[in-house]
J.: 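I'd like to ask some things about the structure below.
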Amino acid sequence: TALITLILCLSLGLTVVSRNITSTFFSRCEKFNEYDCKKVWDAFQQAYVNKDPCKVPVEAYDPLIAAAPFKPQCNRMMFWSKTKDVVHGFTEKRDCFVTLEDTLLGSVLDGLTWCGKEGSKDTNTTGCPGWSDCENNTVRSFWIRASAAFADVACGNVTAMLNGSINTPFNPTSIFASVEVPRFIASRVKNLNVVMVIQKNNISNCTDPSLKNLRQSIDTGITFSCKDVSESRIQECGSKPEIACGACW
Ligand code: C8R
């Protein structure tokens with residue numbers, strides 16, 4: 001009976017996992033009122049259904065982006081690299097900044113894995129290629145396409161949180177460096193303000209050489225600043241609404 005129970009649990013678990021993406025997508029989508037979730041779901045599916053999960057180019061998601069376009073939110077847009085938890089820990093509590101995960105598309109697909117299969121109408125959530133298993137994989141192409149569209153609407157003062165606990169806070173292979181920064185254009189973006197998140201055992205800060213590369217790679221006309229801010233200060237600002245957004249750091 002132990003074996004039968006195990007098999008039952010496993011198959012039940014699998015059914016729950018694959019059913020989940022549809023229900024997760026719709027329940028997250030319905031929190032945003034101004035969109036037709038069925039239309040967005042159909043545009044999402046056409047990107048990868050019935051395709052080899054390693055042959056989904058970035059452009060496959062163009063119709064999805066068109067179905068749920070990003071709205072510019074000047075002076076409030078927040079980008080990040082290797083600081084997801086700190087950033088979202090803060091943005092969840094305070095309404096100071098907007099990240100990609102605060103938009104419909106970023107929010108419905110955050111933390112999910114999905115892919116299709118040639119000759120099938122299904123959406124799988126297991127057995128999908130990993131981030132670096134192949135270049136044009138379902139999930140990676142989505143995040144590249146969505147990040148590009150989000151960066152395209154960046155305007156005014158733009159903020160980015162980078163991680164002071166790693167060797168190369170501005171890493172050329174990151175989506176932030178390779179997709180977003182090249183799309184910040186001086187006619188729309190005034191400043192790029194980097195918040196370097198400093199933990200107890202930090203190994204880099206605003207003086208890190210990789211930040212020179214960032215300064216040099218931004219469009220001429222966009223001013224650059226960098227500020228070392230302790231993680232505890234960011235958390236304090238998150239939990240104290242009496243501190244004005246502009247006074248957090
Ligand atoms: N962005 C990219 N990747 C995202 C993401 C997002 O908003 N949201 C999630 N969940 N992911 P990293 P990076 C997932 O290496 O490469 C945008 C993806 O599965 O720490 O510089 C966002 O606007 C991907 O594997 O950072 C942000 O500014 C990792 O998280 C950059 O791009 C990427 O996390 C962050 O991309």
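In what follows, residues are counted from 1 in the order of the sequence shown. In listed order, ligands and their atoms are each counted from 1.
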J.: Quick one about Ser107 and Glu101 (side-chain donor to acceptor, distance below 3.5 Å, no hydrogens or angles considered), yes or no?
T.: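 The criterion, which ignores hydrogens and geometry beyond distance, is not satisfied for Ser107 and Glu101.
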J.: Suppose we call two aromatic rings close when their centres sit under 6.0 Å apart. Are Trp131 and Phe142 close by that rule?
T.: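 No, too far apart.
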J.: What residues, two or more places apart in sequence or in another chain, satisfy side-chain hydrogen bond (donor to acceptor under 3.5 Å, both in side chains) together with Lys39?
T.: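 Result, side-chain hydrogen bond (donor to acceptor under 3.5 Å, both in side chains) vs Lys39: none returned.
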J.: Please, which pairs that meet disulfide (SG to SG under 2.5 Å) have at least one residue in residues 184-224, sequence neighbours excluded?
T.: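 Pairs touching residues 184-224 that pass the test: Cys206-Cys226.
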J.: Under a strict 4.0 Å criterion on non-hydrogen atoms, which protein residues are in contact with ligand 1?
T.: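 Residues Phe79, Trp80, Ser81, Lys82, Lys84, Leu100, Glu101, Asp110, Trp131, Trp143, Ser147, Ser174, Ile175, Phe176, Glu180 each place a heavy atom under 4.0 Å from ligand 1, listed by chain and number.
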J.: Just by distance, no angles: are the side chains of Thr83 and Asn163 close enough, under 3.5 Å, to form a donor-acceptor pair?
T.: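 Distance-only check fails for Thr83 and Asn163.
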J.: Kindly write out the residues that satisfy ring-ring contact (aromatic ring centres under 6.0 Å, His included) with Trp143, not counting sequence neighbours, or none if the list is empty.
T.: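 With sequence neighbours excluded, Trp143 shows a ring-ring contact (aromatic ring centres under 6.0 Å, His included) to no residue whatsoever.
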